[in-house]
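Contents: one structure, followed by commentary.
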Amino acid sequence: MRQRSLALLLLLRLRLWLFAVAASPALLGVLAADLNKEPFTIRISCGSFDDVHTAPTNTLWYRDFGYTGGRFANATRPSYIIPPLKTLRYFPLSDGPENCYYINNVPNGHYQVRLFFALVADPNLDSEPIFDVSVEGTLFSSLLSGWSSDDEMTFAEALVFVQDSSLSICFHSTGHGDPSILSIEVLQIDDNAYKFGPLWGNGTVLRTAKRLTCGSGKPAFDEDLNGIHWGGDRFWLGLKTLSSSSDDQPVSTENVIAETLLAPNFYPQSMYQSAIMGTDRQPSLSFEMDVTPNKNYSVWLHFAEIENGITAEEQRVFDVIINGDIAFKDIDIVRMTGERFTALVLNKTIAVSGTTLKITLQPVEGTRAIVSAIEVFEIIPAEMKTLTQEVTALRTLKGSLGLPLRFGWNGDPCVPQQHPWSGVDCQFDDTKMHWVIDGLGLDNQGLGGVIPIDVSKLQHLESINFSGNSIKGNIPFTLGTISGLRVLDLSYNKLNGSIPESLGQLTSLQTLNLNGNGLSGRVPASLGGRPLHRVRFNFTDNAGLCGIPGLHECGPHISVAAKIGMAFGVLLAFLFLVVFAACWWKRRQNIIRGQKLAAAREAPYAKSRTQFTRDVQMAKHHRPHESSRGSNNESSPHLLS
Ligand SMILES: *[C@@H]1O[C@H](CO)[C@@H](O)[C@H](O)[C@H]1NC(C)=O
Ligand SMILES: *[C@@H]1O[C@H](CO)[C@@H](O)[C@H](O)[C@H]1NC(C)=O
Ligand SMILES: *[C@@H]1O[C@H](CO)[C@@H](O)[C@H](O)[C@H]1NC(C)=O
Ligand SMILES: *[C@@H]1O[C@H](CO)[C@@H](O)[C@H](O)[C@H]1NC(C)=O
Ligand SMILES: *[C@@H]1O[C@H](CO)[C@@H](O)[C@H](O)[C@H]1NC(C)=O
Ligand SMILES: *[C@@H]1O[C@H](CO)[C@@H](O)[C@H](O)[C@H]1NC(C)=O
Ligand SMILES: *[C@@H]1O[C@H](CO)[C@@H](O)[C@H](O)[C@H]1NC(C)=O
């Protein structure tokens, strides 16, 4: 690390002063490539329809993109230091409590993400919104009331690792006004920037809590201090005194300061050309700031010996005491850097239990403390995200059920834990090290649409309540694969079709409410027996449903075999009728022929006629008798079944 820094410094000097020395060409090549590479940078001017270039550095801000909702508006033009942009994007609560910017195609690496906030320029809206901000699912900033009139509070900044080529930045409503965003900056920094110790890395997000440059009263960005882009264009608040009550004094120099602009943090030289120093009357320095209690903080202190009177070791020696504990003992800048006008950077991780962080530089007898700059970061454990396939399934569900805009459902469903999606219950899965969805409570939300087949990708669901909506279509058979499902309440919807047999596989099921739908067909036998196992279910108010006590009798249960049998029976009956009709017809022909013969033999016309009538009547009596017997016994298909 140190060696690399020295090499870089050397290279810088080579580049700056155009020294031609015999350096290893290979080494030079590698390092030059490193430094020449520009960091990945995206700046967005929220609410703007056009790209914007701002003075004095001609910084490019892209027109607004990547947002999930909201409206654009003109931004107020406050007096404090913010980028001179004219528009903003704000997110009314009707667009949902969570709204995000998704920035894709971001090379994996280490980034400084900075957001500036502003107020909507509208005389009717005078309230200052209070909201939370997260990056990659980790909540890192909660705006405090009064932010809109305080330089340092008009922006939020976090250092974060991008690991999946995309970055999500979300704004969470707290019910106090509409989050309003002026600008978003995504600035790549060195992979090892601000490496403070073992907690550092992709499991941690650093929030910039304080960054101040001492002795110059002017706030400045790295850019103003002739920094380089890998420094992330940090914002430095300028202080002339560390506290209004103390007796300290600013000092400055024009001398070149060595060991600046070094990897990984690339601090600009100007930062070290001014400082705050103790006085003879009060040789110590102290700085105090409000912090959130019970958090860890990473404190970075910057020094350079710039006082003309100090020329050797032991002329200035001091301890650094943070919240009462000695953080660094016997700091002697000249001894530690080996030279005057050379930068010294120290960092310390501090667990703070109270609400203040107090840094005291306590010099030994006869010397005075000095400090060039102070940085304080809150160390925030990064949230684990929700299992990707479950997020995808929820998005499908959102579309399929036509979830109203007010739900939001942007960003990650489960994190930040303070702002999960409404209607979604989450659980942390230790084995997968991801959040999973174990409950969906979307009852009485005026939903329509259908339940997608993909709902079964939410394999960790234990409870589903979609009761009291207008959901149409079938109950997806895939629900039968969510093996841990205990509660399934789809009552009072417009579901139709039959209850899938697969629901019988849900061995954990305790409550099944399907009442008040348009379901039809037989309740699967595998479910019908469940009440015995203390499963509570309700199938009432489904006109077409049958087959268990309390519902109407099903028509007979018709299996495929039965259907074949039935068809066969109908055919048989038909054949029987044909044969019967043929016999009857034949018999009648015989009778008629017999009578004709008899009539021909026995001449008297009248008698023959009487005989004929009687015979016909006999035949008439005979026929109904026979036919009714046949129909009773064999020919009705209805009885065969
Ligand atoms: C913003 O301000 C400009 C004038 O500077 C005005 O023309 C425009 O209508 C305003 N836009 C909105 C959304 O209020
Ligand atoms: C921060 O301090 C730790 C030890 O306290 C040290 O190992 C590390 O190198 C320092 N980081 C930088 C970038 O100076
Ligand atoms: C996070 O960092 C750890 C070690 O610091 C590494 O093993 C792991 O692969 C990183 N995770 C990702 C997703 O890059
Ligand atoms: C602070 O850091 C320690 C380890 O150094 C860790 O055990 C503790 O959980 C951290 N506290 C917070 C609030 O992150
Ligand atoms: C589902 O939601 C409805 C309406 O809010 C409620 O009455 C019902 O008890 C819930 N179902 C279950 C199984 O908790
Ligand atoms: C269910 O309702 C839809 C219309 O919502 C209709 O298209 C479909 O045919 C119905 N299915 C059954 C089995 O009744
Ligand atoms: C089932 O639902 C109906 C309304 O659809 C209700 O009247 C009845 O009490 C419910 N039965 C049980 C056992 O909960």
Side-chain angles (χ1 to χ4, degrees), residues 1 106-111 135-138 159-168 188-206 264 379-388 400-402 412 415 432-435 443-444 447-453 465-477 487-501 509-524 527-528 530-552 554-555:
M1 177 89 152
V106 178
N108 289 348
H110 199 191
Y111 286 86
V135 62
E136 289 292 272
T138 302
L159 307 187
V160 62
F161 285 87
V162 169
Q163 303 177 99
D164 53 5
S165 303
S166 75
L167 190 66
S168 68
Q188 190 179 12
I189 52 177
D190 193 282
D191 276 350
N192 289 312
Y194 293 102
K195 189 169 191 168
F196 61 83
L199 284 181
W200 179 92
N202 57 25
T204 300
V205 170
L206 287 185
I379 302 170
I380 304 171
E383 298 270 17
M384 303 287 181
K385 295 196 187 176
T386 305
L387 210 57
T388 310
S400 190
L401 295 181
D412 189 285
V415 295
K432 296 197 171 71
M433 291 305 277
H434 276 294
W435 289 89
D443 42 293
N444 294 313
L447 308 179
V450 299
I451 306 175
I453 297 276
N465 194 345
F466 290 165
S467 175
N469 290 295
S470 301
I471 302 170
K472 300 185 292 279
N474 295 335
I475 301 175
F477 68 95
V487 174
L488 181 57
D489 191 342
L490 304 177
S491 57
Y492 305 108
N493 277 293
K494 294 179 176 166
L495 295 165
N496 66 2
S498 57
I499 302 176
E501 287 282 345
L509 207 57
Q510 290 165 5
T511 303
L512 177 62
N513 291 341
L514 300 179
N515 50 304
N517 280 291
L519 298 169
S520 53
R522 176 181 285 271
V523 174
L527 286 171
R530 288 298 182 78
L532 299 175
H533 304 103
R534 284 200 264 133
V535 177
R536 275 169 286 126
F537 61 25
N538 196 338
F539 297 116
T540 58
D541 297 334
N542 282 288
L545 218 50
C546 63
I548 57 162
L551 303 179
H552 64 74
C554 283

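No hydrogens, no waters, no symmetry mates; every other heavy atom, side chains included, goes into these values. Both counts, for ligands and for their atoms, begin at 1 and track the order of listing.
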Considering the heavy atoms of N496, write down every atom of ligand 6 situated less than 4.0 Å from one of them.
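Every atom of ligand 6 under 4.0 Å from some heavy atom of N496: 1 (C), 2 (O), 3 (C), 8 (C), 10 (C), 11 (N), 12 (C), 14 (O).
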
At a heavy-atom distance under 4.0 Å, which protein residues reach ligand 7? Sort them by chain and number, would you?
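Around ligand 7, where the cutoff is 4.0 Å for heavy atoms, the contacting residues are Y492, N515, N538, T540, D541.
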
Which atom of S168 lies closest to which atom of G137, heavy atoms considered:
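Distance-wise, the nearest heavy atoms are OG-N, 4.2 Å.
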
Do side-chain atoms of W200 reach the backbone of Y194 as a donor and acceptor pair under 3.5 angstrom?
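Side chain of W200 to backbone of Y194: a pair is present.
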
Do any N or O atoms from the side chain of D412 and from the backbone of V415 form a donor-acceptor pair under 3.5 angstrom?
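Answer holds: yes.
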
Suppose we call two aromatic rings close when their centres sit under 6.0 Å apart. Are F539 and F537 close by that rule?
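Between F537 and F539, which both carry aromatic rings, the centre distance is below 6.0 Å.
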
N/O donor-acceptor pairs under 3.5 Å from side chains in residues 512-519, not counting sequence neighbours:
unit_1	atom_1	unit_2	atom_2	d
N513	ND2	D489	OD2	3.3
N515	ND2	Y492	OH	3.4
N517	OD1	N493	N	3.1
N517	OD1	K494	N	3.3
N517	OD1	L495	N	3.0
N517	ND2	L490	O	2.9
N517	ND2	L514	O	3.1

Are D164 and K385 side-chain neighbours, meaning at least one heavy-atom pair lies under 4.5 Å?
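The answer is yes; the side chains approach within 4.5 Å.
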
